[in-house]
Amino acid sequence: VAQRWLTTHQTVGKKLTTESHLNLEILCIGLADNPNLLEMKVQNIKFVHIESFLKVKSTKVSESTMKKYKQILSNLFKYALNLEIIGFNPMERWDFSKIRSIKNTKIKNAMTPSDRKLFLEYIEKVQYKNLFLLLYRTGLRIGEALAIQESDLKDDILEINHQLVYKRKFDIEDKKDEKF
């Protein structure tokens, strides 16, 4: 079901995206230490199996990875439900948001105070100073910042709800390229 879902729903044109492959890889790596769940037919997977999997993972992975697991599993079960492979989606009936990561994650600083000072001094001379300041002060990603439109500013609040993304389509022709 997972591979079928990826090839039909997570595509750019008719080609798999890098993100699709990454999501499948994340799920497979996560399931690797639970071979029973990995080998089960989707029809036999119940709430207790998913809950057990997520509880074990909550001690080993970050909160962002936990969210990815939940989202990927939810999408897979929705797809299986649409294909009528299963009669209900176990991800919809129970509140999995209560299962959160308990792994301690270190707070990471992108720059030391001296790095920040050098950065701010350097961008004073750069053409795109305002863009760098926006990124620095808000934590936006470059794709989010470049996608900002005038209509995104409402009542002095900047709404970020889209981004520019470069997605490369993989094609058979690419195999002729030595760099592929």
Side-chain angles (χ1 to χ4, degrees), residues 2 5-27 30 47 50-51 53-55 57-82 88-170:
W5 167 70
L6 284 171
T7 56
T8 57
H9 289 287
Q10 298 289 323
T11 59
V12 173
K14 294 180 182 176
K15 314 292 186 257
L16 281 171
T17 65
T18 305
E19 184 178 359
S20 318
H21 288 290
L22 180 62
N23 285 342
L24 183 59
E25 186 177 335
I26 288 168
L27 184 60
F47 162 75
I50 299 167
E51 182 182 44
F53 166 72
L54 291 174
K55 281 184 177 178
K57 286 300 174 185
S58 71
T59 63
K60 298 179 179 183
V61 299
S62 68
E63 187 59 34
S64 63
T65 304
M66 287 293 290
K67 286 179 183 177
K68 280 187 181 177
Y69 286 144
K70 292 174 193 175
Q71 186 61 49
I72 294 166
L73 287 168
S74 179
N75 287 340
L76 286 171
F77 282 110
K78 282 179 190 174
Y79 182 63
L81 186 63
N82 288 340
F88 70 95
N89 180 346
M91 296 295 290
E92 289 180 355
R93 290 197 178 175
W94 292 277
D95 185 10
F96 287 98
S97 65
K98 293 178 184 173
I99 303 173
R100 302 182 60 94
S101 175
I102 57 174
K103 181 181 176 191
N104 289 333
T105 54
K106 294 179 183 177
I107 296 175
K108 298 176 184 172
N109 289 318
M111 294 187 241
T112 64
S114 60
D115 289 340
R116 281 187 216 110
K117 183 179 178 189
L118 284 171
F119 172 74
L120 293 171
E121 287 172 4
Y122 179 80
I123 65 168
E124 283 297 322
K125 307 167 196 148
V126 176
Q127 177 182 359
Y128 299 106
K129 170 188 170 187
N130 291 332
L131 175 63
F132 288 122
L133 282 173
L134 177 68
L135 297 172
Y136 171 73
R137 291 186 176 151
T138 63
L140 287 175
R141 295 181 175 114
I142 188 68
E144 294 167 333
L146 293 175
I148 293 173
Q149 300 169 3
E150 196 172 328
S151 60
D152 294 333
L153 183 62
K154 298 170 188 156
D155 300 323
D156 292 333
I157 295 174
L158 183 60
E159 189 174 300
I160 306 299
N161 55 16
H162 46 269
Q163 63 181 337
L164 292 181
V165 179
Y166 171 77
K167 290 192 178 188
R168 180 170 179 240
K169 292 182 182 180
F170 292 96

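Hydrogens, waters and symmetry mates are skipped; everything else that's a heavy atom, side chains included, is used. Fair warning: this is a prediction, and the values are worked out from it, not measured in the lab.
A pairwise comparison of heavy atoms in Leu153 and Leu158 identifies CD1-N, 4.0 Å as the closest pair. Summarising the geometry of Arg116 relative to Met111, their closest heavy-atom pair is NH2-O, 2.8 Å, with the distance given to 0.1 Å. Nearest heavy-atom pair, Phe77 versus Asn89, reported as atom, atom and distance to 0.1 Å: CB-OD1, 3.1 Å. Between Ala147 and Gln163, the shortest heavy-atom contact is CB-CA, 3.6 Å.
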Can you list the steps and then say if Phe53 with Tyr69 is a side-chain contact (heavy atoms from CB on, under 4.5 Å)?
CA-CA 10 Å; Phe53 166 72; Tyr69 286 144; 4.2 Å; yes

Set out, in order, the CA-CA distance, both residues' side-chain angles and the distance that settles side-chain contact (heavy atoms from CB on, under 4.5 Å) for Asp152 and Ile160, then state yes or no.
CA-CA 7 Å; Asp152 294 333; Ile160 306 299; 5.9 Å; no

Verify side-chain contact (heavy atoms from CB on, under 4.5 Å) between Ile142 and Leu131, making sure each step is shown before the conclusion.
CA-CA 9 Å; Ile142 188 68; Leu131 175 63; 4.0 Å; yes

Run the side-chain contact (heavy atoms from CB on, under 4.5 Å) test on Met91 and Lys78 for me, step by step, so that the C-alpha distance in whole Å, both residues' side-chain angles and the decisive distance to 0.1 Å come before the verdict.
CA-CA 9 Å; Met91 296 295 290; Lys78 282 179 190 174; over 6 Å; no

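If you take CD1 on Ile123 and CG on Leu133, they are separated by 3.5 Å, rounding to the nearest 0.5 Å. Distance check, rounded to the nearest 0.5 Å: CD of Glu159 to CD of Gln149 gives 11.5 Å.
The existence of a salt bridge linking Glu63 and Lys67 is excluded, since no basic side-chain nitrogen approaches an acidic carboxylate oxygen closer than 4.0 Å.
Counting only residues at least two apart or on different chains, the side-chain hydrogen bond (donor to acceptor under 3.5 Å, both in side chains) pairs with a member in residues 126-145 are Glu124-Lys129.
No donor-acceptor pair closer than 3.5 Å links the side chain of Ser74 to the backbone N or O of Gln71.
Atom CZ of Phe119 is surrounded by more than 12 heavy atoms from other residues, nucleotides or ligands within 6.0 Å.
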